[in-house]
Amino acid sequence: MPVRRALIPCLRYADAPAAIDFLCAAFGFHRHAVHADPDDPAIVHHAQLVLDGNMIMLGSDRPGPTKDSYRWKTPAQAGGITMCVYAVIDDPDAHHARAAATGAQIVRAPYANEGHSGRAYDVRDSEGNVWSFGSYDPFATAG
């Protein structure tokens with residue numbers, strides 16, 4: 001099977017089912033696959049969400065060898081974020097309105113990108129990860 005080249009952010013959440021609901025409602029993601037524990041549906045072993053042909057993967061924060069070897073921490077455990085996800089979208093203002101309507105914590109309202117074209121806004125998800133959604137497409141201007 002051919003490999004599709006992609007960089008896919010992977011995130012951990014204390015309450016992965018609630019995070020999935022939030023990401024879908026506030027940011028427009030769609031469930032591609034969600035593998036919950038058959039004995040405890042509050043534990044998500046692995047989930048894949050898609051937005052405009054792009055994917056993120058996530059799972060429940062839980063003790064174990066993966067958490068230990070990766071040194072996974074949620075933003076709450078780390079005392080702040082350890083990365084930010086940027087997503088290229090067509091209409092940051094409309095996307096912002098959707099996120100704000102769900103009660104998402106807006107970090108920075110829509111703004112014109114300094115030094116780049118387009119607009120963007122910054123928002124926290126249900127557990128404190130920061131997402132930037134903007135119309136600036138770095139692939140379109142690379143060269």
Side-chain angles (χ1 to χ4, degrees), residues 3-142:
V3 174
R4 178 180 177 196
R5 305 286 185 233
L7 293 174
I8 302 171
C10 302
L11 304 157
R12 287 289 181 261
Y13 291 92
D15 187 345
I20 291 167
D21 289 343
F22 177 88
L23 294 167
C24 291
F27 300 163
F29 278 93
H30 300 280
R31 291 165 176 83
H32 183 264
V34 178
H35 303 283
D37 189 291
D39 298 322
D40 185 355
I43 297 173
V44 174
H45 292 287
H46 178 77
Q48 299 166 187
L49 305 181
V50 294
L51 175 69
D52 298 332
N54 296 292
M55 181 179 288
I56 63 167
M57 296 189 296
L58 64 94
S60 293
D61 179 54
R62 60 193 187 281
T66 300
K67 178 176 177 130
D68 295 341
S69 62
Y70 287 21
R71 296 185 274 186
W72 277 111
K73 292 194 184 308
T74 65
Q77 293 166 340
I81 65 168
T82 58
M83 63 170 248
C84 174
V85 179
Y86 178 75
V88 178
I89 58 172
D90 290 329
D91 188 346
D93 293 282
H95 197 273
H96 165 265
R98 175 187 183 146
T102 68
Q105 182 186 1
I106 305 302
V107 175
R108 188 172 174 199
Y111 55 90
N113 290 324
E114 292 182 33
H116 300 289
S117 62
R119 292 179 57 73
Y121 82 100
D122 306 320
V123 59
R124 291 188 202 285
D125 69 21
S126 58
E127 292 196 16
N129 292 295
V130 174
W131 296 72
S132 294
F133 291 93
S135 58
Y136 169 66
D137 180 352
F139 284 108
T141 59

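- Contact of the Arg62 side chain with the Ile43 side chain is registered, since non-hydrogen atoms from C-beta on lie closer than 4.5 Å.
- Looking only at atom types and distance, the side chain of Trp72 has no donor-acceptor partner in the side chain of Asp61 under 3.5 Å away.
- A donor-acceptor distance shorter than 3.5 angstrom exists from the side chain of Glu127 to the backbone of Ala14, with no hydrogens or angles considered.
- In this structure, the side chains of Ile106 and Val123 come closer than 4.5 Å at one or more pairs of heavy atoms.
- Within the model, atoms CG of Asp15 and OG1 of Thr74 stand 11.5 Å from one another, a figure rounded to the nearest 0.5 Å.
- Between Pro138 and Val88, some side-chain heavy-atom pair lies under the 4.5 Å cut-off.
- The distance from atom CE of Met83 to atom CG of Leu11, rounded to the nearest 0.5 Å, is 5.0 Å.
- Contact detail for Ser135 and Pro92: the closest heavy-atom pair is N-CG, 3.6 Å.
- Side-chain contact between Arg12 and Val44 is absent, with no heavy atoms from C-beta onward closer than 4.5 Å.
- Counting non-hydrogen atoms of other residues, nucleotides and ligands closer than 6.0 Å to NZ of Lys67 gives a total above 12.
- Taking a 6.0 Å sphere around NE2 of His45, one finds it holds more than 12 heavy atoms contributed by other residues, nucleotides or ligands.
- By the 4.5 Å heavy-atom criterion applied to side chains, Asn129 and Tyr13 are counted as neighbours.
- Taking 4.5 Å as the limit, some side-chain heavy atom of Phe29 sits within range of a side-chain heavy atom of Ile56.
- At a threshold of 4.5 Å between non-hydrogen side-chain atoms, the residues Arg31 and Leu49 count as touching.
- Heavy atoms only, all atoms of each residue included: Ala112 and Arg119 are closest at N-NH1, 3.7 Å.
- Between the CG atom in Asp21 and the OG1 atom in Thr102 there is a gap of 11.5 Å [rounded to 0.5 Å].
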Run the ring-ring contact (aromatic ring centres under 6.0 Å, His included) check on Trp131 and Phe22 step by step: do they pass? CA-CA 13 Å; Trp131 296 72; Phe22 177 88; 9.2 Å; no

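- A distance of 5.0 Å separates CD1 in Ile8 from CE in Met57, rounded to the nearest 0.5 Å.
- Counted within 6.0 Å of NE2 on His32, heavy atoms from surrounding residues, nucleotides or ligands total 12 or fewer; the atom is thus considered open.
- For Asp90, the CG atom counts as loosely surrounded, since its 6.0 Å shell holds 12 or fewer non-hydrogen atoms of other residues, nucleotides or ligands.
- Once rounded to the nearest 0.5 Å, the distance linking CG of Asp122 with OH of Tyr86 reads 9.5 Å.
- Between Pro41 and Pro17 the shortest side-chain heavy-atom distance does not fall below 4.5 Å.
- Here OG of Ser132 is found 5.0 Å from OH of Tyr111. Values are rounded to the nearest 0.5 Å.
- The two residues Leu58 and Ala16 make their nearest non-hydrogen contact at CD1-CB, 4.1 Å.
- Not counting sequence neighbours, the partners of Tyr121 by the ring-ring contact (aromatic ring centres under 6.0 Å, His included) test are His95, His96, Phe133.
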